[in-house]
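Just below is one structure, and these are the notes that go with it.
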Amino acid sequence: MTPVQAEGADVAQAALGDALAFERLYRRHTLRIHNLARRMMGAQEADELTQDVFVRAWQKLGTFRGESAFGTWLYRLAVNLILERRSWWALQRSRLHGDTEPLDRMATPPTRPDLSLDFETAIATLPPGAREVFVLHDIEGYKHREIASMLGISAGTSKGQLHRARMLLRSALK
Amino acid sequence: MTLLMTDPWTDRLSEYVDEELAPAERRELDAHLATCDECRTTLSDLRQVVNRARSITDATPSADLWPGIAARLTSEPRRAGLLRQVVSPTGAGWRVTLSIPQLAAAAVLLIAVSGAVVWLVQARHSPDELAQEDSSRPEAGPGVTMADFADAPYDAAVADLQRVLKEGRERLDTATVAILEHNLAVIDQAIRDARAALAQDPSDLYLNSHLVAARQRKLELLRQASALVVEGS
């Protein structure tokens with residue numbers, strides 16, 4: 001059985017309620033999902049977000065029709081959930097603090113000392129809009145029109161935010 | 001007041017890196033880069049950022065998150081939601097449709113299970129060995145769980161579920177019934193193959209585990225399909 005077939009079988013089993021099969025899917029995809037959550041929302045949010053992603057995937061597994069790879073479907077679900085939380089957190093910040101920029105620039109301590117601290121830390125300190133576009137474009141490989149659709153912005157704004165992020169990250173590599 | 005002059009091309013350098021400039025703009029920027037040290041330096045820096053991002057490695061979470069997820073799976077209302085996804089109204093009542101890719105994927109797994117059993121039988125027994133009559137039944141070693149062919153409770157459970165499925169099959173759409181019947185046929189063949197192989201070597205752990213797995217899968221598949229029939233009634 002090929003890995004693709006094995007994953008398809010696990011998806012089918014999990015959709016019928018097999019938690020062991022769903023655990024195998026979790027083990028196969030958690031690394032990528034957790035890193036996406038960490039880079040988009042910060043280390044403090046990553047664990048809870050990752051759990052929320054997989055719980056939502058469990059709930060919605062019956063809607064997966066196999067038209068794309070399971071990983072692609074799961075990843076898109078994760079991006080949507082993370083962006084929902086981003087909107088919620090932005091709303092909370094605006095209610096508590098008039099100016100969110102100082103909070104947005106606070107450094108997020110890395111969770112692993114053996115990480116490349118400078119670059120990852122620098123990503124975490126980017127302003128939210130620039131960080132999201134940079135992660136989605138330069139790390140995750142989305143195109144600007146896709147990012148624009150996800151974030152509810154124009155492709156031109158996406159390009160501007162990406163350039164802003166890259167210019168800010170130059171110093172992290174010096 | 002001193003005006004800080006900014007190079008108008010600076011803000012276009014990311015597009016240059018990503019090859020998103022129109023040909024005419026690209027030619028203009030190429031000409032500018034030939035004369036502007038600062039832009040060339042910035043361009044080099046931006047390329048380094050892009051390359052660094054592409055080579056970024058994923059970090060393992062500091063803790064295993066599965067226990068927390070597993071606990072929430074048992075408390076999340078999922079099964080009813082799943083049924084709402086697969087049950088749809090028809091003129092005569094309700095029909096139950098399972099996703100074809102999901103059932104097909106399950107069939108692949110079942111084929112793999114039965115195929116593994118067939119392979120194992122062929123690999124472990126030469127035609128001459130299979131032709132020999134072995135009158136002595138090997139003793140099971142310690143820790144070997146022998147598959148019980150005469151499992152009355154299992155057979156009774158399967159019979160009950162098959163009766164439910166037979167009586168309610170009109171509630172399942174044609175494609176779903178076809179796939180379910182195919183899956184059951186594959187499992188039954190896997191069970192027959194395992195039993196035949198175990199008749200030659202009852203203590204074989206691998207064959208025993210495959211027989212148990214095949215029987216469990218048959219029971220689970222029948223249970224799930226019957227539950228859908230009952231829920232749809």
Side-chain angles (χ1 to χ4, degrees), chain A residues 1 5-13 15-19 22-23 26-27 30-32 34-35 38-39 46-48 50-51 54-55 58-67 110-112 114-116 119-120 123 134-135 137-139 144 159-160 162-163 165-167 169-170 172-174, chain B residues 10-15 17-18 20 42 45-46 48-50 52-54 56-66 68-70 72-74 76-79 81-86 98-113 115-116 217 220-221 223-225 227:
Chain A
M1 183 185 289
Q5 289 175 325
E7 178 160 277
D10 281 339
V11 172
Q13 293 286 94
L16 292 174
D18 186 339
F22 191 69
E23 183 181 357
Y26 160 79
R27 300 270 173 222
T30 188
L31 189 67
R32 191 178 180 210
H34 190 267
N35 277 275
R38 179 174 57 80
R39 290 173 183 133
D47 285 1
E48 182 179 336
T50 301
Q51 293 193 20
F54 281 96
V55 169
W58 171 259
Q59 292 172 328
K60 291 188 171 293
L61 203 50
T63 67
F64 176 64
R65 297 297 176 217
E67 292 155 352
T111 58
R112 287 281 303 275
D114 57 341
L115 284 176
S116 175
F119 195 67
E120 292 263 17
I123 294 173
F134 179 78
V135 170
H137 186 279
D138 279 4
I139 298 178
H144 283 297
K159 290 182 181 181
L162 177 64
H163 181 67
R166 287 174 174 174
M167 292 293 279
L169 289 171
R170 285 191 304 162
L173 297 182
K174 295 208 181 284
Chain B
T10 303
D11 289 343
R12 309 300 302 280
L13 289 175
S14 280
E15 292 174 85
V17 169
D18 297 334
E20 291 174 346
T42 303
D45 290 346
L46 293 179
Q48 284 189 52
V49 171
V50 172
R52 183 64 184 86
R54 287 176 182 165
I56 207 166
T57 54
D58 287 338
T60 304
S62 58
D64 183 6
L65 303 175
W66 176 252
I69 295 169
R72 291 172 63 181
L73 298 187
T74 57
E76 296 289 338
R78 177 181 186 266
R79 184 146 185 81
L82 173 63
L83 288 173
R84 281 197 291 273
Q85 296 289 341
V86 301
L98 293 175
S99 158
I100 299 304
Q102 292 169 344
L103 288 171
V108 169
L109 174 63
L110 299 173
I111 290 170
V113 169
R217 290 193 193 284
E220 182 60 21
L221 184 62
R223 188 184 69 79
Q224 299 286 354

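Quick caveat: nothing in here was measured; it's all calculated off a predicted structure. All chains are named by letter (A, B, ...) in the order of the sequence lines, taking the proteins before the strands, and each is independently numbered beginning at 1.
Across every non-hydrogen atom of A:Ile123 and B:Ile56, the tightest pair is CD1-CD1, 4.0 Å. B:Val49 and A:Arg166 make their closest contact through CG2-O, 3.8 Å (heavy atoms, listed as atom of the first residue, atom of the second, distance). In this structure, A:Phe54 and B:Ile69 approach most closely via the heavy-atom pair CB-CD1, 3.9 Å. For B:Ala53 against A:Phe134, the heavy-atom pair with the smallest separation is CB-CZ, 3.7 Å.
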- request: Please step through salt bridge (Lys or Arg N to Asp or Glu O under 4.0 Å) for the pair A:Arg27 and B:Asp64, ending with a clear verdict.
  value: CA-CA 10 Å; A:Arg27 300 270 173 222; B:Asp64 183 6; 3.0 Å; yes
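Looking at A:Leu169 and B:Arg52, their side chains never come closer than 4.5 Å, going by heavy atoms from C-beta outward. Within the 4.5 Å cutoff, no side-chain heavy atoms of B:Pro61 are placed close to those of A:Asn35. Side-chain contact check for B:Leu13 versus A:Met167: every heavy-atom pair is 4.5 Å or farther apart. Proximity of A:Leu162 to B:Asp18: side-chain heavy atoms (C-beta onward) are separated by under 4.5 Å at one or more points. B:Leu65 places a side-chain heavy atom less than 4.5 Å from the side chain of A:Tyr26.
Judged by distance alone, the side chain of A:His163 and the main-chain N or O of B:Glu15 form no donor-acceptor pair under 3.5 Å.
Between A:Arg38 and B:Asp58 no salt bridge is recorded (no basic side-chain N to carboxylate O distance below 4.0 Å).
Of the residues considered (A:Gln51, A:His144, A:Arg32), A:Gln51 shows the highest number of contacts with chain B, using heavy-atom pairs under 4.5 Å. The most heavy-atom pairs under 4.5 Å with chain B, out of A:Leu31, A:Thr50, A:Thr30, A:Ile139, come from A:Leu31.
In this structure, the portions of A:Phe22 lying under 4.5 Å from any heavy atom of chain B include both its backbone and its side chain.
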